[in-house]
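In this chain, residues are counted from 1 in sequence order.
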Amino acid sequence: SQSEIEQNISDIVKMKSVAKLSGEEFSKGEKDLVSQVDEYFAEFEYSVENSILGDVDITARGAKDSIAHGIGRNKAVAFAAVPNVIKNGKIIDYQTNWKNRGYDTVVLAAPVTINDQPYYEGVIVIRDSKTQRFYVHEVITEKRTDMSFETGADNKVGKSGDTSSPSIISLLDKIRVVK
């Protein structure tokens with residue numbers, strides 16, 4: 001319900017970081033980012049349990065989808081927190097039959113730390129009749145800055161029926177506003 005989502009947003013502000021990242025995770029090297037993330041997700045046997053949603057698949061497909069929505073250094077590093085955000089994050093959005101595509105979306109969010117700096121990370125989970133899987137993640141600084149934030153997604157994503165639903169960035173920004 002909307003009141004539960006609003007409570008979750010307030011709770012996230014009070015949460016301790018679910019992951020402490022050095023900022024060196026998934027550095028450029030011999031292996032590409034998707035291969036590195038896939039190897040990392042293999043350590044979790046490609047699945048993470050959320051107490052409300054149940055098992056969520058984390059795979060290279062999700063990494064590719066997330067990269068296709070834009071990638072920067074902090075977002076690349078934040079792949080390392082995806083399992084913790086799925087496991088310990090709070091639901092901040094739920095959409096049924098997303099864009100009439102036959103699946104629902106759930107956005108989980110939690111605070112994370114990258115290079116001793118606080119961030120909020122959001123993870124979109126796609127749910128259909130057969131599976132639920134990690135789809136896209138984003139990360140924003142906990143505090144507003146004067147620097148523009150670049151991402152592959154617009155702030156609003158069109159939805160059927162001429163309504164719009166908030167992007168993951170604008171949903172994370174709601175947490176920042178509460179703080």
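In terms of heavy atoms, G23 sits closest to R73 at O-NH2, 3.4 Å. Nearest heavy atom pair, residue L21 against residue A80, reads CD2-CB, 3.7 Å. Minimum heavy-atom separation, M15 to A110: CE-CB, 4.1 Å. Across all non-hydrogen atoms, the minimal contact from A19 to N84 is CB-ND2, 3.7 Å. Of all heavy-atom pairs between P83 and I58, the closest is CG-CD1, 4.1 Å. Nearest heavy-atom pair, A76 versus L33, reported as atom, atom and distance to 0.1 Å: CB-CD2, 4.0 Å.
Proximity of F44 to I86: side-chain heavy atoms (C-beta onward) are nowhere separated by under 4.5 Å.
For the atom pair E6 CD and D11 CG, the distance stands at 12.0 Å (nearest 0.5 Å).
The environment of R61 atom CZ is sparse: at most 12 non-hydrogen atoms of other residues, nucleotides or ligands sit within 6.0 angstrom.
In this model, a donor atom of one side chain and an acceptor atom of the other lie less than 3.5 Å apart for D32 and S35. Residues D104 and Y94 have side chains that bring a donor and an acceptor to within less than 3.5 angstrom of each other. Using modelled atom types, one finds a donor on one side chain and an acceptor on the other under 3.5 Å when comparing S1 with E4. Residues N74 and Y119 bring a donor and an acceptor atom of their side chains to less than 3.5 Å of each other.
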Checking L108 against I92 for the side-chain contact (heavy atoms from CB on, under 4.5 Å) test, could you report, in this order, the C-alpha distance in whole Å, the side-chain angles of both residues, the deciding distance, and whether it holds? CA-CA 6 Å; L108 297 163; I92 62 168; over 6 Å; no

Set out, in order, the CA-CA distance, both residues' side-chain angles and the distance that settles side-chain contact (heavy atoms from CB on, under 4.5 Å) for V125 and Y135, then state yes or no. CA-CA 6 Å; V125 174; Y135 172 58; over 6 Å; no

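Taking the six-membered ring where tryptophan is involved, the planes of F134 and F41 are perpendicular, since the angle between them exceeds 60° and thus also 30°.
The closest donor-acceptor contact from the side chain of D55 to the backbone of S47 lies at 3.5 Å or more, if one exists at all. Judged by distance alone, the side chain of T113 and the main-chain N or O of D116 form no donor-acceptor pair under 3.5 Å. Judged by distance alone, the side chain of N8 and the main-chain N or O of I91 form a donor-acceptor pair under 3.5 Å. Of the possible polar contacts, none joining the N115 side chain to the Q117 backbone as a donor-acceptor pair under 3.5 Å is found. The main-chain N or O of V18 is never found under 3.5 Å from a side-chain atom of N88 such that the two would form a donor-acceptor pair. Of the possible donor and acceptor atoms, none in the side chain of E45 sits under 3.5 Å from a partner among the backbone N and O of A42. Of the possible donor and acceptor atoms, none in the side chain of E49 sits under 3.5 Å from a partner among the backbone N and O of K87. In this structure a side-chain-to-backbone donor-acceptor pair under 3.5 Å is missing from E24 to S22.
The only member of V37, V34, V77 that meets side-chain contact (heavy atoms from CB on, under 4.5 Å) when paired with F26 is V37.
A salt bridge links E138 to K75: one of the charged nitrogens lies within less than 4.0 Å of a carboxylate oxygen. Ion pairing between a basic and an acidic side chain is recognised when a charged N comes within 4.0 Å of a carboxylate O; D65 and R133 show such pairing.
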